[in-house]
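Working notes, structure below.
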Amino acid sequence: MKVYNFEDNHPLSGANLDEQYMREALKLAQRAFEEDEIPIGAIIVSNGKIIGKGYNLTERLNDVTAHAEMQAFTAAANFLGGKYLRDCTLYVTIEPCVMCAGASYWTQIPRIVYGARDEKRGYSSIHDKIIHPKTTIVGGVLESECAALMMSFFRNKR
């Protein structure tokens with residue numbers, strides 16, 4: 001007689017899975033840091049697979065819209081062949097700005113996980129209704145690591 005186990009035995013779940021993906025976003029933020037860009041990294045995950053990646057490219061591209069989230073949204077949409085990112089999660093090292101929060105609204109992404117809050121430019125400091133009403137927000141994942149990279153970047157600039 002065979003016994004089937006239908007329980008989720010994945011070694012990483014919930015918060016551990018969020019931390020694993022946030023570490024991937026942090027790697028991209030580190031790459032931005034090394035390229036003298038504001039160190040923010042973003043990935044988009046669907047069904048356990050990274051389908052979009054991005055980090056800030058505003059200096060390299062001379063484009064104020066070239067944020068990490070925007071790069072990741074474009075890559076994920078191209079991967080899926082459509083503009084809606086349903087059944088996806090955005091992992092971003094810093095709370096999205098108003099522009100990126102607005103773009104997330106239009107993608108209909110159901111979940112956003114961010115590391116550190118952006119007290120000055122984060123969407124929640126301006127207007128928290130900009131996120132799609134069905135989107136779940138999780139903040140503070142690897143917050144200290146995400147914040148430390150940003151603080152280091154701006155400390156070096158001053």
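Atom set for the values below is all heavy atoms of this structure, side chains included, hydrogens, waters and symmetry mates excluded. Here, residue 1 is the first one in the sequence, and each next residue gets the next number.
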Quiz prompt | CA sep, side-chain torsions, deciding dist, call: L85, Q108, side chain to side chain contact (heavy atoms under 4.5 Å, CB included) | solution = CA-CA 6 Å; L85 303 180; Q108 298 182 13; over 6 Å; no
For [X] and [Y], indicate whether the former's side chain and the latter's backbone hold a donor-acceptor pair under 3.5 Å.
| X | Y | result |
| --- | --- | --- |
| Q71 | L57 | no |
| T74 | M70 | yes |
| T107 | Y84 | no |
| Y91 | G115 | no |

Give the minimum heavy-atom separation between [X] and [Y], together with the two atoms involved.
| X | Y | value |
| --- | --- | --- |
| L90 | I109 | N-CD1, 3.5 Å |
| P39 | A32 | CA-CB, 3.9 Å |
| M22 | T93 | SD-CA, 3.9 Å |
| A101 | P96 | N-CB, 4.1 Å |
| G52 | A75 | CA-CB, 3.8 Å |
| K83 | A77 | CA-CB, 4.3 Å |

Quiz item: Quick check: are there more than 12 heavy atoms from other residues, nucleotides or ligands sitting under 6.0 Å from CG of D87?
Solution: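 Atom CG in D87 is not packed in, count stays at 12 or less.
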Quiz prompt | side chain to side chain contact (heavy atoms under 4.5 Å, CB included) between L149 and Q30, intermediate numbers included | solution = CA-CA 8 Å; L149 189 58; Q30 181 64 43; 3.4 Å; yes
Quiz item: Are V92 and V138 joined in one hydrophobic group, where the rule is that I, L, V, M, F, W and Y side chains link up if heavy atoms are under 4.5 Å apart?
Solution: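 Result: yes, single cluster for both.
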Quiz item: With I38, which residues qualify under side chain to side chain contact (heavy atoms under 4.5 Å, CB included), at least two apart?
Solution: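 Once residues adjacent in sequence are excluded, the partners of I38 under the side chain to side chain contact (heavy atoms under 4.5 Å, CB included) criterion are I40, N56, M150, F153, F154.
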Self-check item: Worked verdict on D18 versus R23 for salt bridge (charged side-chain N to carboxylate O under 4.0 Å, His left out)
Solution: CA-CA 9 Å; D18 285 346; R23 289 193 194 290; over 6 Å; no
Exercise. Start with the C-alpha gap between T58 and V64, add the side-chain angles, then the distance that decides, and say whether side chain to side chain contact (heavy atoms under 4.5 Å, CB included) holds.
Key: CA-CA 5 Å; T58 58; V64 297; 5.5 Å; no
Exercise. Apply side chain to side chain contact (heavy atoms under 4.5 Å, CB included) to I50 and E24, showing your working.
Key: CA-CA 9 Å; I50 296 173; E24 293 301 314; 4.0 Å; yes
Side-chain contact test, heavy atoms from C-beta onward, threshold under 4.5 Å: evaluate it for [X] versus [Y] and give yes or no.
| X | Y | value |
| --- | --- | --- |
| C146 | L26 | yes |
| I44 | T89 | no |
| T136 | I112 | no |

Quiz item: Which pairs with one or both residues in residues 40-55 pass side chain to side chain donor-acceptor pair (under 3.5 Å), sequence neighbours excluded?
Solution: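 For residues 40-55, and leaving out neighbouring residues, the side chain to side chain donor-acceptor pair (under 3.5 Å) pairs sorted by first residue read R31-Y55, E35-Y55, Y55-R60.
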